[in-house]
Amino acid sequence: MDVNDIIKPENKVYGKPVLMNDNNMHYCPGCSHGVVHKLVAELLDEMGVAEKAVGIAPVGCAVFAYNYLDIDWVEAAHGRAPALATAISRLYPENLVFTYQGDGDLAAIGTCETIHAANRGENITIIFINNAIYGMTGGQMAPTTLIGMKTATTPYGRRVDLNGYPLAITDLLARLDGTCYVTRQSVHTPAAVRKAKAAIKKAFQNSLDKKGTSIVEIVSTCNSGWKMSPAAANDWMAEHMFEKYPLGDLKNV
Amino acid sequence: MAKIRGAVVVNEERCKGCSLCVVACPTHTLALQPKEVNDRGYHYAYMADAPSCIGCASCALVCPDACIEVYKVRVD
Ligand SMILES: Cc1ncc(C[n+]2csc(CCOP(=O)(O)OP(=O)(O)O)c2C)c(N)n1
Ligand code: SF4
Ligand code: SF4
Ligand code: SF4
Ligand SMILES: [Mg+2]
């Protein structure tokens with residue numbers, strides 16, 4: 001059988017999500033951000049909520065998320081996405097409001113907004129891309145950076161005496177009464193991508209059902225910041241990141 | 001016995017040559033172009049061994065740039 005006999009519309013089983021437009025994404029080759037964008041685009045379409053969805057883009061590498069997914073977006077100041085999401089979901093309770101934030105955005109400058117929005121149980125979904133580094137600004141240490149991990153600001157590796165401990169902020173958020181679903185996923189293998197998609201789907205459904213705050217952490221790579229190839233970064237993540245940030249549900253009520 | 005055959009179409013101009021699809025493919029169907037590059041200078045992915053594709057979509061699932069379309073047929 002010739003390849004051209006297989007490549008026919010009726011045989012198509014997978015393709016670019018309809019909500020993802022043709023703009024080339026600015027992300028480095030192999031960056032986890034793109035995979036998560038794809039999952040969000042697929043789900044909003046499959047759940048039939050594209051018209052209701054409002055995304056809040058962060059400051060960080062995902063600052064231009066609004067250029068790639070054809071839904072409504074608002075761009076927040078650094079770390080303020082949960083505050084903006086609070087306002088929008090309260091003013092427009094029929095909408096599906098989600099934030100998309102990096103670890104610098106969510107767990108450093110935006111810690112206050114994150115914790116209080118989750119503690120108030122705002123009916124929002126928080127998608128949290130934890131790549132343990134400030135990717136956009138050139139690879140500085142983040143609160144989530146692992147002990148011993150080399151970054152632009154910890155060239156000899158993160159030291160506890162100097163820099164404190166890595167912050168597993170998702171564990172803290174799971175303790176708050178306002179959160180209904182807190183989970184940690186990754187997108188480094190086909191199986192992990194499928195699981196992450198199911199998790200984001202559950203989170204979106206919770207937001208539509210007004211169950212409180214849902215948080216989906218995606219343990220991610222920043223191969224540029226980590227100075228590795230994309231494939232090596234995935235391996236390094238599985239070997240080192242999952243020990244401090246184990247995958248699975250932390251809370252599901 | 002029914003056999004599954006698959007094929008992928010890579011959006012060559014969108015591809016960034018990250019090779020994550022090559023790593024994810026269980027049948028070693030894919031490779032990066034050794035010499036050819038796209039307009040942005042990336043060695044894009046292609047089916048180096050087309051007959052081995054089973055249409056599992058593993059490559060497409062992990063592709064960060066949504067470059068891969070997957071097709072699948074049952075051959076009786
Ligand atoms: C108020 C303010 N402070 C600092 C910055 C600089 N800045 C831009 S992105 C960023 C951190 C990005 O890291 P992260 O949120 O982890 O996103 P990533 O790029 O890793 O996805 C910082 C500190 C800024 N833009 N605005
Ligand atoms: S700097 Fe890191 S997080 Fe930013 S696009 Fe590149 S790989 Fe992704
Ligand atoms: S569909 Fe499956 S077998 Fe075919 S190229 Fe992709 S990963 Fe390989
Ligand atoms: S995963 Fe996507 S971007 Fe990366 S090499 Fe394969 S087709 Fe190209
Ligand atoms: Mg980061």
Side-chain angles (χ1 to χ4, degrees), chain A residues 1-42 61 68-69 129 186-197 220-221 223-224 228-235, chain B residues 2-27 29-32 37-76:
Chain A
M1 180 178 250
D2 188 63
V3 164
N4 292 323
D5 297 324
I6 305 171
I7 301 169
K8 288 180 175 164
E10 63 269 29
N11 298 331
K12 188 171 170 185
V13 291
Y14 195 93
K16 187 158 76 64
V18 290
L19 291 176
M20 184 173 269
N21 59 36
D22 288 333
N23 294 336
N24 282 321
M25 296 196 282
H26 70 287
Y27 300 112
C28 305
C31 176
S32 306
H33 274 299
V35 185
V36 184
H37 281 28
K38 210 172 60 175
L39 295 183
V40 171
E42 287 174 8
C61 278
Y68 310 129
L69 265 54
I129 308 297
S186 75
V187 291
H188 65 309
T189 63
V193 173
R194 288 198 173 92
K195 277 192 183 170
K197 183 172 176 181
S220 298
T221 64
N223 62 76
S224 290
M228 295 175 198
S229 72
N234 273 342
D235 291 344
Chain B
K3 195 170 170 285
I4 300 290
R5 281 285 311 269
V8 301
V9 176
V10 177
N11 184 333
E12 291 169 2
E13 285 309 321
R14 212 174 148 90
C15 175
K16 292 176 185 160
C18 74
S19 129
L20 292 180
C21 56
V22 178
V23 174
C25 176
T27 55
T29 304
L30 301 173
L32 297 186
V37 292
N38 62 19
D39 286 355
R40 293 185 295 161
Y42 293 120
H43 292 277
Y44 53 89
Y46 76 110
M47 283 203 291
D49 181 31
S52 64
C53 178
I54 53 170
C56 67
S58 294
C59 54
L61 282 166
V62 300
C63 175
D65 288 277
C67 306
I68 304 180
E69 284 179 354
V70 185
Y71 297 82
K72 194 171 166 175
V73 283
R74 272 172 69 102
V75 189
D76 290 307

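Labels below follow one simple rule: chain letters A, B, ... track the order of the sequence lines, proteins then strands, and each chain is numbered from 1.
- When side chains are defined from C-beta on, Tyr14(A) counts as touching Leu61(B), because their heavy atoms get closer than 4.5 Å.
- Atom CD of residue Glu13(B) and atom CG of residue Asp22(A) lie 12.5 Å apart, to the nearest 0.5 angstrom.
- Using a 4.5 Å heavy-atom cutoff, the side chains of Val187(A) and Val62(B) are not in contact.
- Note: Gly6(B) leads Gly6(B), Cys59(B), Cys53(B) in heavy-atom pairs under 4.5 Å with chain A.
- At least one donor-acceptor pair under 3.5 Å links the side chain of Lys38(A) to the backbone N or O of Ala60(B).
- Contacts of residues 19-27 of chain B with chain A at a heavy-atom distance below 4.5 Å involve Leu20(B), Val23(B), Ala24(B), listed in sequence order.
- Note on Pro51(B), Cys67(B), Cys15(B), Cys63(B): by heavy-atom pairs under 4.5 Å with chain A, the leading option is Cys63(B).
- One distance of note links CD1 of Ile6(A) with OH of Tyr71(B); it measures 11.5 Å at 0.5 Å rounding.
- The CD1 atom of Ile68(B) sits 13.5 Å away from the NZ atom of Lys16(A) when rounded to the nearest 0.5 Å.
- Counting only heavy atoms from C-beta outward, the side chains of Pro64(B) and Tyr27(A) never approach each other to under 4.5 Å.
- Residues Val73(B) and Met1(A) form a side-chain contact, since some pair of their non-hydrogen atoms from C-beta on lies under 4.5 Å apart.
- Most heavy-atom pairs under 4.5 Å with chain B, from the set Asn11(A), Asn223(A), Val35(A), Thr189(A): that is Asn11(A).
- Only the side chain of Val193(A) comes within contact range of chain B, with at least one heavy atom under 4.5 Å from a heavy atom of that chain.
- Once rounded to the nearest 0.5 Å, the distance linking CG of Asp65(B) with NE2 of His37(A) reads 10.0 Å.
- The shortest side-chain heavy-atom distance between Lys12(A) and Glu69(B) falls under the 4.5 Å cut-off.
- Note that the CG atom of Asp2(A) and the CZ atom of Arg5(B) stand 8.5 Å from one another [nearest 0.5 Å].
- In terms of heavy-atom proximity, Val13(A) sits nearest to Gly55(B) at CG2-O, 4.3 Å.
- Residue Asn4(A): no heavy atom, backbone or side chain, is found under 4.5 Å from chain B.
- Heavy atoms only, all atoms of each residue included: Pro190(A) and Ser58(B) are closest at CG-CB, 3.5 Å.
- A pairwise comparison of heavy atoms in Val3(A) and Met47(B) identifies CG1-CE, 4.1 Å as the closest pair.
- Side-chain contact between Lys16(B) and Asn24(A) is absent, with no heavy atoms from C-beta onward closer than 4.5 Å.
- Across Arg194(A), Glu42(A), His188(A), Glu10(A), the residue that shares the most heavy-atom pairs under 4.5 angstrom with chain B is Arg194(A).
- Heavy atoms of Lys8(A) lying under 4.5 Å from chain B belong exclusively to its backbone.
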